[in-house]
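Just below is one structure, and these are the notes that go with it.
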Amino acid sequence: MHTDTAPLTARRYGPLKGRLRVPGDKSISHRALILGALAVGETRILGLLEGEDVLNTGKAVRALGARVERYGAGEWRVHGVGVGGFAEPAVALDFGNAGTGCRLMLGAVAGCPIAATFDGDASLRRRPMRRVLEPLERIGAHTLTSSEGRLPLRLAGARDPIPIVFELPVPSAQLKSAVLLAGLAAPGETIVIEAEATRDHTEKMLVHFGAGVRVEPHGALGRRITLAGQPELTPQPIVVPADPSSAAFPLVAAVITPGSDVILDGVMLNPLRAGLVATLVEMGASIERVATRNEGGEEVADLRVRAGALRGVEVPASRAPAMIDEYPALAVAAAFAEGTTVMRGLKELRVKESDRLASTADLLRVNGVVVEIDGDNLIVEGRGRAAGGGLVATHMDHRIAMSALVMGLASEKPVKIDDGSFIATSFPGFVELMRSLGANLS
Ligand code: S3P
């Protein structure tokens with residue numbers, strides 16, 4: 001995969017109009033396959049994201065002994081093997097571009113008495129794994145890595161997993177989830193403490209499958225999560241809501257493209273994922289929540305988005321966990337605002353699919369926007385417009401690719417990206433869906 005690069009160009013054309021539903025949430029899709037594989041019996045999933053990242057997680061759980069079958073678009077069934085029941089895989093587990101799939105599966109395998117090789121593409125091979133391996137070793141797993149805790153690595157799961165108390169050193173839902181998934185196989189209570197609350201899909205889905213999970217407040221912003229070990233996970237139907245991180249692209253495109261009026265159907269608005277919508281509203285965007293409802297245990301709403309003037313704002317560091325994947329899209333919106341937008345506390349952006357702090361700044365800069373990185377903060381000087389005309393280096397990063405194309409829809413000159421092939425990791429059909437709104441992408 002990804003042997004061919006796919007350059008794409010976005011041009012200003014007319015307003016964006018119409019209604020669409022973005023694909024299923026990536027975080028929930030990974031977890032549905034993994035918990036389905038750890039439950040005993042058949043888990044039915046509707047609306048699974050069929051992006052490459054999630055498909056790689058499906059292949060991994062299959063290699064570990066679960067049966068994974070596709071019945072139709074987004075409709076999947078997983079026959080799980082039970083907590084601790086994974087079989088030793090005959091092949092290396094290849095997670096492609098997906099940090100989430102890899103880190104969550106490291107946790108899931110760490111509680112099983114088997115060994116497995118974990119690998120990924122060049123982007124994933126550069127990303128830090130030590131943060132996950134350290135607690136997994138405390139639980140009793142052994143790991144062998146080639147260089148400084150990066151992929152490829154070999155993990156031997158614990159024969160007798162030990163429950164641990166783990167304080168997250170960084171606000172990372174992947175890390176929290178890896179420890180909880182490993183803790184499933186340990187007797188007693190596994191406790192994860194986070195100073196700032198991060199997305200809670202693992203905790204919620206564990207409860208949905210019948211595990212004993214207690215969530216208590218910790219400090220001003222944090223949580224303490226206690227998992228009772230060795231539960232019998234009972235399969236439950238899962239309905240995957242539309243991914244707010246994918247909705248971010250048509251959302252920002254509609255806000256910055258004059259005359260636009262778009263409805264995004266069924267977008268998940270879990271409070272730990274909804275930071276972008278809150279920030280855009282503070283900037284003056286017209287985003288109306290229509291038909292707020294519950295889907296698959298999550299709050300969802302149709303979002304009616306209309307173009308309009310934006311003003312620069314200060315985005316506090318405390319909001320970063322609730323919109324960590326949305327900063328590239330927000331930075332594009334900030335360029336089209338009037339005034340300065342300061343986004344604080346973006347350290348974790350440096351270890352995403354690319355150094356996303358640098359690649360976001362570069363994407364704006366090559367398109368004539370004044371932008372500065374100050375420590376862990378990103379500062380964008382909004383002028384209400386952008387020159388465009390740049391060729392954006394996407395660095396194997398789907399969100400940089402889509403953000404650059406969104407920018408091109410409202411810039412004076414076209415914006416080109418070097419490679420759109422990674423868009424399929426999280427948002428298959430992006431180009432077609434954006435074209436259905438009237439976007440000029442070629
Ligand atoms: C994710 C957590 C976040 C996010 C990623 C998905 C998850 O990563 O960036 O896209 O599903 O748990 P970190 O945990 O590294 O912040």
Side-chain angles (χ1 to χ4, degrees), residues 23-35 48-49 51-54 56-57 95-108 120 123-124 126-135 149 166 168-181 192 194-206 223 225 238 240-241 243-249 268 270 272-276 298 317-330 345-357 359-360 376 396-400 402-403 422-423 425-427:
D25 187 64
K26 182 151 74 74
S27 293
I28 292 182
S29 295
H30 283 297
R31 287 157 172 84
L33 292 174
I34 296 170
L35 285 195
L48 188 85
L49 168 64
E52 288 165 12
D53 281 9
V54 173
N56 282 326
T57 292
F95 292 93
N97 195 245
T100 307
C102 181
R103 296 201 179 104
L104 268 55
M105 286 305 297
L106 281 166
S123 156
L124 192 55
R126 281 192 293 267
R127 299 178 66 187
M129 295 294 154
R130 185 60 17 234
R131 50 173 62 185
V132 188
L133 303 182
E134 193 270 324
F166 182 63
L168 290 186
V170 285
S172 163
Q174 293 177 6
L175 184 44
K176 166 176 68 178
S177 302
V179 173
L180 292 173
L181 291 170
V192 181
E194 47 183 8
E196 297 165 80
T198 64
R199 66 189 70 194
D200 56 359
H201 308 302
T202 302
E203 300 90 301
K204 286 175 90 169
M205 208 181 286
L206 281 169
R223 291 181 174 181
I225 300 123
I238 295 178
V240 184
D243 192 329
S245 300
S246 295
F249 303 108
M268 179 173 62
N270 176 314
L272 294 169
R273 299 286 301 280
L276 176 71
E298 295 286 356
S318 59
R319 197 176 291 165
M323 55 177 300
I324 193 65
D325 292 334
E326 282 65 80
Y327 284 100
L330 176 64
L346 308 189
K347 189 160 181 231
E348 278 296 299
L349 283 195
R350 295 188 189 276
V351 292
K352 296 297 177 190
E353 286 80 336
S354 65
D355 174 345
R356 215 173 252 171
L357 189 51
S359 42
T360 300
D376 296 331
M396 304 177 81
D397 188 331
H398 54 130
R399 299 204 197 279
I400 295 299
M402 288 183 276
S403 300
F422 285 86
I423 291 171
T425 62
S426 71
F427 197 158

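As the structure lists them, so they are numbered: ligands from 1, and atoms in each ligand from 1. Keep in mind that this is a model prediction, so the values were computed, not measured.
K176 and D200 are not joined by a salt bridge, as no carboxylate oxygen comes within less than 4.0 angstrom of a charged side-chain nitrogen.
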S245/R273 under side chain to side chain donor-acceptor pair (under 3.5 Å): CA gap, chis, key distance, verdict: CA-CA 8 Å; S245 300; R273 299 286 301 280; 3.0 Å; yes
Take T57 and H30 through the test side chain to side chain donor-acceptor pair (under 3.5 Å) and record every step on the way to the result. CA-CA 6 Å; T57 292; H30 283 297; 2.9 Å; yes
I'd like to know whether R131 forms a salt bridge (Lys or Arg N to Asp or Glu O under 4.0 Å) with E134, so could you lay out the CA-CA distance, the side-chain angles of the two residues, the decisive distance to 0.1 Å, and finally the verdict. CA-CA 6 Å; R131 50 173 62 185; E134 193 270 324; over 6 Å; no
Chi angles and distances behind the side chain to side chain donor-acceptor pair (under 3.5 Å) call for Q174, T100: CA-CA 6 Å; Q174 293 177 6; T100 307; 2.8 Å; yes
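If you look at H30 next to ligand 1, there are no close heavy atoms at all, none under 4.0 Å. Only the side chain of R31 comes within contact range of ligand 1, with a heavy atom under 4.0 Å; no backbone atom does.
Counting only heavy atoms of the protein, atom 3 (C) of ligand 1 lies nearest to K352 NZ, 3.8 Å. Of the protein's non-hydrogen atoms, the one nearest atom 6 (C) of ligand 1 is T100 OG1, 3.2 Å. Looking only at heavy atoms of the protein, atom 14 (O) of ligand 1 is closest to S172 OG, 2.7 Å. The single protein non-hydrogen atom nearest to atom 10 (O) of ligand 1 is D325 OD2, 2.6 Å, given as residue, atom name and distance.
Counting atoms of ligand 1 from 1 in the listed order, those under 4.0 Å from a heavy atom of I324 are 9 (O). Using a 4.0 Å cut-off to heavy atoms of A173, the atoms of ligand 1 that qualify are 12 (O), 14 (O).
The two residues S426 and K26 make their nearest non-hydrogen contact at CB-CE, 3.8 Å.
Side-chain contact between L181 and M105: absent, with no pair of heavy atoms (C-beta onward) separated by less than 4.5 Å.
Between Q174 and ligand 1, at least one N/O pair is under 3.5 Å apart. Considering backbone and side-chain atoms alike, L104 places every N or O at 3.5 Å or more from each N or O of ligand 1.
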